[in-house]
Amino acid sequence: MAIATINPATGEIIKTFEPLTNTEIEEKLEQAQKAFRTYRRVSIPERAVWMKAAAEILEQKKEKFGKLITLEMGKTLKSALAEIEKCALVCRYYADNAADFLADTPVQTDASHSLIRYQPLGVILAVMPWNFPFWQVFRFAAPALMAGNVGLLKHASNVPQCALAIEEIFLQAGFPKGVFQTLLIGSEKVADIVADARVKAATLTGSEHAGMSLASVAGKQIKKTVLELGGSDPFIVMPSADLEAAVATATIARTINNGQSCIAAKRFIVANAIADEFEQRFVEKFKALQIGDPMDDKTDIGPLATPDILKELDSQVQNCIQKGARVLIGGKPLSDRKGNFYPPTILTDLSIDSPAFTEEFFGPVALLFRVADIDEAIALANNSPFGLGASAWTNDEAERDRFIDEIEAGAVFINGMVKSDPRLPFGGIKRSGYGRELSIQGIHEFVNIKTVWVK
């Protein structure tokens with residue numbers, strides 16, 4: 001795959017990059033290993049100074065970085081600016097909390113004293129996606145670097161300028177050379193890098209296929225991995241819910257990031273008693289969304305990131321239609337303009353043998369289901385190969401407790417939209433992956449949890 005910036009709103013090739021040669025990759029691996037030997041001895045307070053400096057750079061140059069995100073992958077500029085602000089937040093969160101998260105934990109045993117110590121592993125490879133090209137990287141890098149690890153970034157090939165900008169941010173913030181490096185390489189190089197003895201672990205956010213590929217290579221080398229893969233999150237609405245708030249949030253939850261988010265709500269499961277009203281309001285909200293230039297503040301929906309994503313999404317929609325689905329709005333690519341534009345779409349009357357039951361729809365397509373009661377709602381929510389997040393809307397305490405206890409997902413949000421937060425662990429179960437990012441659990445994924453026993 002070419003490594004290039006291609007404006008998804010116009011199809012224009014902005015800039016191309018030559019991938020690293022094998023010799024250049026070797027140089028970067030050696031530099032990372034060399035950097036780790038000294039960086040692991042840097043105190044946590046000193047790392048925190050650099051991490052806070054990275055946050056300041058992000059905030060000072062957020063317009064520049066936001067426009068770069070929008071140019072490369074097509075999300076609206078307003079959402080790109082919010083992404084940069086969130087990256088600054090996670091940098092400060094780990095700068096402020098890493099010392100506590102990594103402090104020795106005393107444990108009473110038969111020893112004179114015993115404790116748990118947390119120490120860095122070494123060089124960590126991060127294989128990251130294009131949909132949140134800054135946030136996905138910083139939510140890995142902030143805890144990994146604060147723990148004393150060093151990072152290698154293999155970013156998606158359609159966001160090379162974002163990848164290079166992130167490396168430069170860490171250098172400008174004061175981190176030693178080699179502590180965080182971007183590798184402009186194709187996916188075919190990943191296996192050899194994972195297998196390299198200098199790389200101690202790997203994390204990947206992306207597709208199921210990419211996750212299986214990386215995990216299989218890492219497994220052969222007995223190396224730790226964290227995988228955050230696809231999602232087909234349910235958004236359940238019960239009769240006791242605040243319907244106006246639920247519909248407004250459902251619209252945002254499905255169309256955020258032009259619909260290209262693993263934790264976007266995708267399957268809308270609504271109780272029969274309120275389904276007609278929900279459907280009517282949902283369609284009205286979708287009709288009001290503005291599609292257009294992602295740099296324009298008035299735009300709600302920009303283009304999908306690549307022509308292939310557009311083609312795949314439309315293929316899934318047409319497959320559902322052929323199997324009996326009814327189109328409430330949208331349903332085919334926009335042909336009246338350049339770029340990878342797909343309109344906000346709602347499908348209902350979905351057949352169990354359609355992609356709606358087994359696949360992730362990565363674009364602004366909502367799948368609307370009707371259910372008789374909470375039992376059917378939970379059964380349908382769990383009838384998915386994925387288990388990333390879930391949102392449930394109810395003001396009934398018993399229903400709330402059942403959703404929290406019975407929904408199979410890494411996160412359950414009651415009367416709110418699923419989102420990532422530095423203070424809470426993030427990750428999934430089933431085919432959505434394993435391991436956790438963020439919070440104390442995220443920083444502990446890539447450390448040696450060492451038992452110390454002294455007598």
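This chain uses plain numbering: 1 for the first residue, then up along the sequence.
- W130 and T306 share no donor-acceptor pair across their side chains, judged by distance under 3.5 Å alone.
- Counting heavy atoms from C-beta outward, D233 and S391 have side chains that stay 4.5 Å or more apart.
- Applying the 6.0 Å contact sphere to NZ of K430 captures more than 12 heavy atoms from other residues, nucleotides or ligands.
- Between the N395 side chain and the S240 main chain, a donor and an acceptor come within less than 3.5 Å of each other.
- For A366, the side-chain contact (heavy atoms from CB on, under 4.5 Å) test picks out R254, F268, F282, F286, I346, with sequence neighbours left out.
- Q221 meets the side-chain contact (heavy atoms from CB on, under 4.5 Å) test with A195, K223; sequence neighbours excluded.
- Contact annotation: the side chain of F357 never approaches that of R267 to less than 4.5 Å [non-hydrogen atoms, C-beta and beyond].
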- Message: Run the salt bridge (Lys or Arg N to Asp or Glu O under 4.0 Å) test on K61 and E168 for me, step by step, so that the C-alpha distance in whole Å, both residues' side-chain angles and the decisive distance to 0.1 Å come before the verdict.
- Response: CA-CA 12 Å; K61 299 182 178 180; E168 186 60 28; over 6 Å; no
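- Side-chain contact between F386 and C262 is absent, with no heavy-atom pair separated by less than 4.5 Å.
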- Query: Taking it one step at a time, do T5 and L71 satisfy side-chain contact (heavy atoms from CB on, under 4.5 Å)?
  - Reply: CA-CA 8 Å; T5 301; L71 176 68; 4.2 Å; yes
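- One N or O on the side chain of N258 and one on the backbone of G302 form a donor-acceptor pair closer than 3.5 Å.
- Of the options Y94, F170, F175, F180, a ring-ring contact (aromatic ring centres under 6.0 Å, His included) to W50 is made by F175 and by none of the others.
- Nearest heavy atom pair, residue A48 against residue A95, reads CB-O, 3.6 Å.
- Looking at residues two or more places apart in sequence or on another chain, you find a salt bridge (Lys or Arg N to Asp or Glu O under 4.0 Å) between K78 and D300.
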- Message: Show, in sequence, the C-alpha distance, side-chain angles and deciding distance for L304 and F362, and conclude whether the side-chain contact (heavy atoms from CB on, under 4.5 Å) test is met.
- Response: CA-CA 9 Å; L304 301 184; F362 221 58; over 6 Å; no
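- Contacts classified as salt bridge (charged side-chain N to carboxylate O under 4.0 Å, His left out) and involving residues 361-373 (residues at least two apart or in different chains) are given here: D276-R370, E279-R370.
- Looking only at atom types and distance, the side chain of E56 has no donor-acceptor partner in the side chain of Q60 under 3.5 Å away.
- For F235 and W393, the distance between ring centers is under 6.0 angstrom.
- Q181 places no side-chain N or O within donor-acceptor distance of the main-chain N or O of L152, the cut-off being under 3.5 Å.
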- Where do R198 and F36 land on the side-chain contact (heavy atoms from CB on, under 4.5 Å) test, with the steps shown first? CA-CA 10 Å; R198 289 163 292 192; F36 175 65; over 6 Å; no
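- Using a 4.5 Å cut-off on side-chain heavy atoms (C-beta onward), M73 and F132 make no contact.
- The side-chain contact (heavy atoms from CB on, under 4.5 Å) test applied to K200 returns L121, not counting sequence neighbours.
- The shortest side-chain heavy-atom distance between E277 and L243 falls under the 4.5 Å cut-off.
- Ring to ring, Y93 and F138 are not that close: their centroids are 6.0 angstrom or more apart.
- M417 is not listed as a side-chain neighbour of I263, based on a closest heavy-atom distance of 4.5 Å or more.
- In terms of the side-chain contact (heavy atoms from CB on, under 4.5 Å) criterion, residue partners of P129 (sequence neighbours excluded) are, by chain and number, N131, Q136, T205.
- When N149, N448, L145 are each tested for a side chain to side chain contact (heavy atoms under 4.5 Å, CB included) with P120, only one passes: N149.
- Nearest heavy-atom pair across H444 and V447 is O-CG2, 3.4 Å.
- The backbone N or O of L229 sits nowhere less than 3.5 Å from a side-chain atom of S432 that would complete a donor-acceptor pair.
- A donor-acceptor distance shorter than 3.5 angstrom exists from the side chain of E83 to the backbone of W135, with no hydrogens or angles considered.
- Smallest separation of non-hydrogen atoms from A246 and V237: CB-CG1, 4.2 Å.
- When atom types are taken as modelled, the side chain of H155 and the backbone of T182 share no donor-acceptor pair closer than 3.5 angstrom.
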- Under the side-chain contact (heavy atoms from CB on, under 4.5 Å) rule, what do F17 and L164 come out as? Steps first, then yes or no, please. CA-CA 11 Å; F17 297 83; L164 292 170; 3.7 Å; yes
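- Between A381 and S384, the shortest heavy-atom distance links the atoms O-CB, 4.1 Å.
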